[in-house]
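Each remark here refers to the structure printed beneath this line.
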2 protein chains.
Amino acid sequence: MPGQYLAAMYTYQYPRPALTVDCVIFGLGDESLKVLLIQRAHDPFAGRWAFPGGFVDMDEPTETAARRELWEETGIEDMFMEQLYTFSAVDRDPRERVVSVAYFALVKLANYKVTPGSDAQRAEWFPVSQLPPLAFDHDEIFKVALARLKGKVRYQPIGFELLPEKFTLGQLQRMYELILGRELDKRNFRKKILGMGLLLPLPERQKGVSHRAATLYQFDRAKYKALEASGFMFEI
Amino acid sequence: MPGQYLAAMYTYQYPRPALTVDCVIFGLGDESLKVLLIQRAHDPFAGRWAFPGGFVDMDEPTETAARRELWEETGIEDMFMEQLYTFSAVDRDPRERVVSVAYFALVKLANYKVTPGSDAQRAEWFPVSQLPPLAFDHDEIFKVALARLKGKVRYQPIGFELLPEKFTLGQLQRMYELILGRELDKRNFRKKILGMGLLLPLPERQKGVSHRAATLYQFDRAKYKALEASGFMFEI
DNA sequence: CCAAAAGTGTTCTTTATACACCCATGT
DNA sequence: ACATGGGTGTATAAAGAACACTTTTGG
């Protein structure tokens, strides 16, 4: 990184904000949409809950920083992630000027059933409708993240990131109902989603349920890519 | 700003990326959608065109920085602006690590007909289909900005920000056609947009045109706010 | 046999699309 | 008179919304 020296030559005279990342991770519980929070060990806001995050290193882009922090703090990796928004209010951190690039992630909660927490830190999944008061401006970050999820889930097939690889149409519909906050008509839903031709029915069926076993489906990513390229628009 | 002292106490040991803003400003010409570029006076990329932008001060949020830089470099103010994306590739600036928060702005070009340029800098409006090679990663920033504009203009009434306060339905339709890159049916377009009840017909008509004078309309922002709050979705 | 979710079609309403001619104005 | 864009309605097709019963499985 020759930049280190050049930085001094060109710009050392200007103070710079600190740069951090914060991650809003959504997971799908049995009865609610959830987000992962970490309890802060130190001041400011010691004891309060906050989204996992941390400082951006000089040799990594912000998304890499977000994935690294998430892995360090929770052990979660390889999830769907996209940039959410950059929060830069001058007083958002009481210590000093900190600008934070927030990320928005979706995980298959079944893969992380046990409450995460690698350091001494406590991490816990909270239903989105029952969040404790959050540190810093994380309440605002959460609002933006939830709005993004609700807005996006209808027009891009990101909802599948919350489900296991193999899922039933019932699970899929419940996922949409939980996120959108309203009920969907079962027959119309199935007609629409199957009509897209993006769900591969598997030769397997659900097991161990005390009712008729449902067909398992898989989302056909390759087919979606192809259709998307030729102008197809996903919509629920 | 007590943060200045605290910053030294807590975090002076970590190097920080520089933080800048860049603004992609769209305006509507007679025959094309345009963006404002500034020709760089100094290295790196001396002589190349780039989006206006600059460093974020310690006492201003990024959007304020974007508006300030834009005013300083072009004299444009009070335009529609929203955050676009934060670009953080490690080598995006050859001198040192610079993270840039890009903004996306829409202006009523008629108000800025003369080529702007307040400093010694040259500023010019370029049709989006004929951009010169840009400095830094600004080609990528532009791609993201144009995609955002195309995607958003259909679902939010931001297109009006590109037109004068009073406009004809012909101007409105041409605006959508230029941005979306396809022709719209005149009768269907009028039926749809007038059907929303968001356009106030004015008792005035177009003047000095060598054809039948069109009715002038105004976008009813108050009514849109009300409808939006009760679940109405704008769509072209 | 009961509970619980899976699975399945049709009707009606709403919205989208395709399409052609006369009108007003300035040159 | 002609060139230019303004202004108007209808018919057809497609998509969305509403709606109820039978099937399968485990307990």
Side-chain angles (χ1 to χ4, degrees), chain A residues 28-31 110 153-155 163-164 166-178 180-218 227 231-236, chain B residues 28-32 110 153-155 163-164 166-178 180-218 227 230-236:
Chain A
L28 198 66
D30 290 334
E31 283 162 350
V153 77
R154 291 189 53 206
Y155 304 105
L163 296 176
K166 302 171 182 183
F167 51 84
T168 68
L169 292 181
Q171 286 177 287
L172 188 64
Q173 183 178 342
R174 267 189 299 283
M175 181 268 291
Y176 281 109
E177 289 176 337
L178 282 175
L180 299 175
R182 62 190 162 89
E183 299 205 330
L184 303 175
D185 179 89
K186 183 165 58 162
R187 281 178 289 189
N188 292 338
F189 176 79
R190 293 161 90 99
K191 201 189 312 172
K192 186 158 191 177
I193 196 90
L194 290 176
M196 295 182 197
L198 291 171
L199 297 189
L200 285 171
L202 300 175
E204 307 169 59
R205 332 202 108 237
Q206 222 178 4
K207 278 175 188 158
V209 288
S210 71
H211 54 75
R212 180 171 171 179
T215 302
L216 289 168
Y217 290 85
Q218 207 169 358
L227 282 175
F232 169 82
M233 306 251 80
F234 180 90
E235 183 177 347
I236 291 297
Chain B
L28 198 66
D30 291 334
E31 284 163 349
S32 68
V153 77
R154 291 190 52 204
Y155 304 104
L163 296 176
K166 301 170 182 180
F167 52 85
T168 69
L169 293 181
Q171 288 177 283
L172 188 64
Q173 185 179 339
R174 266 189 298 284
M175 181 269 290
Y176 281 108
E177 289 177 336
L178 283 174
L180 299 176
R182 61 189 164 93
E183 299 206 327
L184 303 174
D185 179 272
K186 183 163 61 162
R187 280 178 290 190
N188 293 339
F189 177 79
R190 290 171 171 242
K191 202 190 309 174
K192 185 158 191 177
I193 196 91
L194 290 176
M196 295 182 198
L198 291 171
L199 297 189
L200 285 170
L202 301 174
E204 306 168 61
R205 331 201 111 234
Q206 221 178 4
K207 276 175 189 158
V209 287
S210 71
H211 53 75
R212 179 169 173 180
T215 302
L216 289 168
Y217 290 85
Q218 207 169 357
L227 282 176
S230 48
F232 168 82
M233 305 253 79
F234 181 89
E235 182 177 348
I236 291 298

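Atom set for the values below is all heavy atoms of this structure, side chains included, hydrogens, waters and symmetry mates excluded. Every value quoted in this text rests on a predicted model; they were computed, and no experiment measured them. So you know, we letter chains A, B, ... as the sequences are listed, proteins then strands, and number each from 1.
Taking a 4.0 Å limit (strictly below) on heavy-atom distances, residues 189-197 of chain B reaches DNA chain D at B:R190, B:K191.
Across all their heavy atoms, A:R187 and A:D185 have their closest contact at N-OD2, 3.1 Å. Between B:Q206 and B:R212, the shortest heavy-atom distance links the atoms OE1-O, 4.2 Å. When all heavy atoms of B:L199 and B:P201 are compared, the closest pair comes out as O-CD, 3.3 Å. Across every non-hydrogen atom of B:L178 and B:E31, the tightest pair is CD2-O, 3.6 Å. Heavy atoms only, all atoms of each residue included: B:K192 and B:I236 are closest at NZ-C, 3.7 Å.
When the nucleotides C:dA5, D:dG5, C:dC19 are ranked by their closest atom to the side chain of A:R212, C:dA5 comes out on top.
D:dG16 atom C1' lies 12 Å from atom CZ of A:R182, rounded to whole Å. Atom NE2 of B:H211 and atom P of D:dG7 are 10 Å apart (whole Å). Straight-line distance from the CZ atom of B:R205 to the C1' atom of D:dG5: 13 Å, rounded to whole Å. Counting to the nearest Å, the P atom of D:dG7 and the CG atom of B:L199 are 12 Å from each other. The interatomic distance linking A:L184 (CG) with D:dC19 (P) rounds to 15 Å, in whole Å. Nucleotide C:dA5 holds its C1' atom 6 Å from the NZ atom of A:K186, rounded to whole Å. Atom pair B:L169:CG and D:dT8:C1' shows a separation of 12 Å (rounding to whole Å applied). Separating the NZ atom of A:K207 from the P atom of C:dA6 is a distance of 17 Å, rounded to the nearest angstrom.
Between the side chain of B:S230 and the backbone N or O of B:L227, at least one donor-acceptor pair lies under 3.5 Å. Judged by distance alone, the side chain of B:Q173 and the main-chain N or O of B:L184 form a donor-acceptor pair under 3.5 Å.
The neighbour count for B:E235 CD, taken as heavy atoms of other residues, nucleotides or ligands under 6.0 Å away, is above 12.
Using a cut-off of 4.0 Å between Lys/Arg side-chain N and Asp/Glu carboxylate O, B:E204 and B:K166 are scored as salt-bridged.
Both A:N188 and A:A214 lie near DNA chain C, and the one whose nearest nucleotide falls closer to the 5' end is A:A214.
Each end of the helix from C:dC1-D:dG27 to C:dT27-D:dA1 gets its own axis from five base pairs, and the two axes differ in direction by 10°, given to 10 degrees.
In terms of phosphate contacts, B:T215 brings a side-chain nitrogen or oxygen within less than 4.0 Å of OP1 or OP2 of D:dG7.
Residue-to-nucleotide contacts include no donor-acceptor pair under 3.5 Å from the side chain of A:R174 to the base of C:dA5.
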